[in-house]
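Below, chains carry the letters A, B, ... as their sequence lines are ordered, and counting in each starts from 1. Side chains included, hydrogens not; waters and symmetry mates left out as well; all remaining heavy atoms used.
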Amino acid sequence: MRRGEPTQWARPLLALGGEMEKYNPHAIEPKWQRYWQETGLMKAKEEGKKYYVLEMFPYPSGDLHMGHLKNYTMGDALARFLRMQGYSVLHPMGWDAFGLPAENAALKFGLHPREWTYQNIERAKTSLNLMGILYDWDREVTTCEPDYYRWNQWFFIKMYERGLVYRAKAEVNWCPKCQTVLANEQVIDGRCWRHEDTLVEKKELEQWYLRITAYAERLLRDLDKLERWPERVKAMQRAWIGRSEGAEIDFKVKDHPGKAIRVFTTRPDTLFGATFMVLAPEHPLVTEITSPDRAEAVRAYIEATRKKSEIERQVEDREKTGVFTGAYAINPATQEAIPIYIADYVLMGYGTGAIMAVPAHDQRDFEFAKKYDLPIRLVIRPESGELAEPLTKAFEGAGVMVNSGQFDGLPSEEGKKKVIAWLEAEGIGKGTVNYRLRDWLISRQRYWGTPIPMVHCERCGVVPVPEEELPVRLPEIKDVEQIRPKGKSPLEAHPEFIETTCPKCGGPARRDPDTMDTFVDSSWYYLRYADPKNARLPFSRQQADFWMPVDQYIGGIEHAVLHLLYSRFFTKVLYDMGLVGVDEPFEGLFTQGMVLGWTDYGPVEVEGERVVLSEEARLRLELEVRELSLDTLKKMGAELKPGEDGKMHFWKPAVMSKSLGNGVMVGPFVKEQGADIARVTILFAAPPESDMVWTEEGVSGAWRFLNRVWRRFQEDRNELAEVAPDFDPDGLEAKERELWRALNAAIKKVTEDTREFHFNTAIAALMELLNALYDYRKTRPVTSVYKRALMDFLRLLAPFAPHIAEELWRIFDDASVFLAGWPEYDESALKVDTVEIVVQVNGRVRGRIQVSAEASPDEVKAAARAHKNVQRFLEGKEIVKEVYVPGKILNLVVRSQ
RNA sequence: GCCGGGAUGGCGGAACCGGUAGACGCAACGGACUUAAAAUCCGUUGGGGGAGGUUCCCCCGUGCGGGUUCGAGUCCCGCUCCCGGCACCA
């Protein structure tokens, strides 16, 4: 029965009579967890061949569920595997401890954000330990500690000195829920990245920026170096950086001598077709050039634009609107006066905030021209054929230039270059590259973050805090009310913090009241792990050089253009500063799928083929309709199952989350089932990169597998003591040889699959080997090969189910299985005496023959022709071709005689 | 619209470089054990058909339509649908 109650997966452990010990994870797991910590199994040492395994560090949110643990489980399996292979492994963990939830919780419970954070860290750590996930805790990094955030401040000042930090007044994104500004990357579809339901507002504020745009080209270009990154993450970063090549062209404004408007275009070849110009309503020149008779209309339009949300402005297929400013620009190619409009389809945030409109060759301009009856001039014709005029839509493709004076007849690609050369010669434009990427706004009007180490002095202006005075500590709070967001920085309310003296002139000055975006914290934490206790520097070059880059980074896709872009930027800056020797932080990136849980969406009534949703179910599913067909239900991946009340409910897998209440919590699960079972369930259910549904059936499968492992060893325990695992592979009898081959095949498969992150197939290979071990023991006694196979099996199992492997390893050895090395396979053992050759006639399987592995092609062909069923298909035919793939297949191509 | 990734049994998924499609697991069914159930063990399981003493044979089958090849889940061309990202970006 699949039920909602928390004991759904409770199941009694194997109860067998007699002297055999039953598999009891609860009895063995805590013991080994303590043992690994005490013996320092995962202590990283700077010696030998290094491998840096890292999972994205979490925001500490307390008790963890299986959805949180997937990437840590994978990282742990990989780290243990590499450790056994003899690598010097760095596998650290830390906490992205600054941020809003701590403040919100503080306000809700009247608890200091620090206390709340540290309580959560303790609980999260407990969950990780319960799962047997091992870290080098000596390297733990917690970003809310002054020892850590002082280096955020240090980097900020260093970047300031290099011109990479600046303060600017601009229209910024404001989240009314967070009560703070956000960076561009943190606005998703016009909404706050933390609050899907909250539209971001625009505010004009003076804020701190990091000049990430200075690195746009390198951030884009170096993506090509990242061979072990998923294509889609690279695609997302490329799209975000948004490079486009074109030209900037100055258009003089008629009757405004000396005034010019610069536009950006990717199609300089269409310059002769520019019949009007459009400015973004926010463009700074708008008020200057607007003629008095148009002033009122222009003012009204600007006002209307400002009221529209970003969302409204971005809706596709919205009818173009705009107003004429009364001013004219001079097309530098044709010398024609062309009207200047303002329209909200031109955005101030891209290019120069102004465009030359070429209605014949840009669909947006075309629509605008149609609506306002502006001239449409064809300046590109297709390579072949003619365009029928009047046009019904813009021709945006490449072609040949026409109506373009001296450029007529040039192919448009070549024309672009020629027009740019002409513009440059005339001094009225130049070829440029434009990026969509904007500078990173890092000021936040919140308490729980890194104070910005800047001082505002009336006499000296903005002055950085001297290095030796770092860290600038957050002021202590006496009352949580002091951190309540009021639309400006809570730190403003702390005079003992704000009021200071100017480092330059010693006069009275004020500290900057904002804190940094927490993405600054996570942009370099992986470097701190290399040297976490350094009090002199963020990390030593030497230690960083030993461990960097991160060889395998594991995390969610949601950070594709947030954390992963910021971290690449930071690493490049640090590289330029000579602090690290690598300019890319993460050599390999793996984005894991999510964990879904079966979720009860509420009761339904079934009426024949139709399912009538209750109000509760309809609301929770966010559906408009009241009923569904059984077919639709199936397509949604949903099922009808009883809920806790015994009535029919609508169930569907959904991402595990606190709000849906569908998370399988680590603590209770491990207590009732065990950590190894949880680990195998997670790793076996689906390929690691895909989403997996956590099911009771999956748990049963893992439980049965580990139980079978346990029993195999327990049943043979006594006999195993009697034999040594040494033998001559050439002296084995048939059944032994088969087992020996199966063992070596498994070693090969598990080794390769684990290295390539195919944990599901690695575990499948272990299951196959276990089946072979059972099969062998049906008819044969405990022998040396068998013992060897059992020992190697445990070593192969250890990364995935470490506790049971460590426990059973004690049958053979007093030392840890993780110090026993990784088994190597013997290629010669994979050979078989006889092979099965598939015999095809005209590509269709007609028989299988057993031949010696050394059989010559002629022998195989003879044997194939002798095969009874094959003969049937050869009868009366002539063999015209024989294709033989040694050891695999023989295809006889025949034709009727 | 553009970009990226997919589509294989009842289900999750395997299949190296083009060479036995469906590994491994789940579910289901049949049997053994048991007073009974659970657990465990053994067997069957892509669809259809045929012969039959263990077993064997034929046809169809990897989203759809073509192609290349002795041979295609895999390569090529043209589609459909699904998931994700971007999207008035000049």
Exercise. Can you sort out the partners of A:R741 under side-chain hydrogen bond (donor to acceptor under 3.5 Å, both in side chains), two or more places apart, ordered by chain and number?
Key: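 Not a single residue meets the side-chain hydrogen bond (donor to acceptor under 3.5 Å, both in side chains) criterion with A:R741.
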Exercise. Would you please name every residue forming a side-chain hydrogen bond (donor to acceptor under 3.5 Å, both in side chains) with A:K652, sequence neighbours left out?
Key: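 A:K652 satisfies side-chain hydrogen bond (donor to acceptor under 3.5 Å, both in side chains) with no residue once adjacent residues are dropped.
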Quiz item: How close or far is atom P of B:rC86 from atom OH of A:Y435, stated in whole angstroms?
Solution: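 Value for this atom pair: 21 Å.
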Practice problem: Mind calculating the distance between CG (A:D344) and P (B:rA90) to the nearest angstrom? | Solution: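 After rounding, the gap between these two atoms is 18 Å.
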Quiz item: Looking at A:R436, does any N or O in its side chain come under 4.0 Å of the phosphate oxygens OP1/OP2 on B:rA90?
Solution: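 Negative; the distance criterion is not met.
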Which residues share a side chain to side chain contact (heavy atoms under 4.5 Å, CB included) with [X], sequence neighbours left out:
X      : result
A:E227 : none
A:Q363 : A:F366, A:E367, A:K393, A:A394, A:E396
A:R436 : A:W240, A:Y350
A:E245 : A:R243, A:V433

Filtered N/O pairs between nucleotides 25-27 of chain B and protein, under 3.5 Å:
unit_1	atom_1	unit_2	atom_2	d
B:rG25	OP1	A:N771	ND2	3.3
B:rC26	OP1	A:R704	NE	2.9
B:rC26	OP1	A:R704	NH2	2.9
B:rA27	OP2	A:R704	NH2	3.0

Quiz item: Should B:rG78 be called syn or anti, with syn set as within 90° of 0?
Solution: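 Nucleotide B:rG78 adopts anti.
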Quiz item: Residues in ring pair (Phe, Tyr, Trp, His ring centres under 6.0 Å) with A:F251, at least two apart?
Solution: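 Per chain and number, A:F251 pairs via ring pair (Phe, Tyr, Trp, His ring centres under 6.0 Å) with no residue.
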Exercise. With sequence neighbours excluded, tell me which residues meet ring pair (Phe, Tyr, Trp, His ring centres under 6.0 Å) with A:Y774.
Key: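 Listed in chain order: nothing, the list is empty.
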For residues 759-770 of chain A, dump all side-chain donor-acceptor pairs below 3.5 Å to protein atoms at least two apart in sequence or in another chain.
unit_1	atom_1	unit_2	atom_2	d
A:T761	OG1	A:D753	OD2	2.9
A:T761	OG1	A:H758	O	3.0

Quiz item: Got more than 12 heavy atoms from elsewhere within 6.0 Å of CZ, A:R777?
Solution: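 Above 12, so yes.
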Practice problem: Stems involving RNA chain B: give each as a range paired with a range, ordered by first number, where a stem means at least three consecutive Watson-Crick or G-U wobble pairs under 3.5 Å. | Solution: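 Stems for RNA chain B, defined as runs of 3 or more consecutive pairs: B:1-7 with B:80-86, B:10-12 with B:24-26, B:28-32 with B:40-44, B:46-51 with B:55-60, B:63-67 with B:75-79.
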Polar atoms only, N or O, under 3.5 Å: list the protein pairs with nucleotides 17-21 of chain B and their distances.
unit_1	atom_1	unit_2	atom_2	d
B:rU20	O2	A:R848	NH1	2.1
B:rU20	N3	A:E836	OE1	3.2

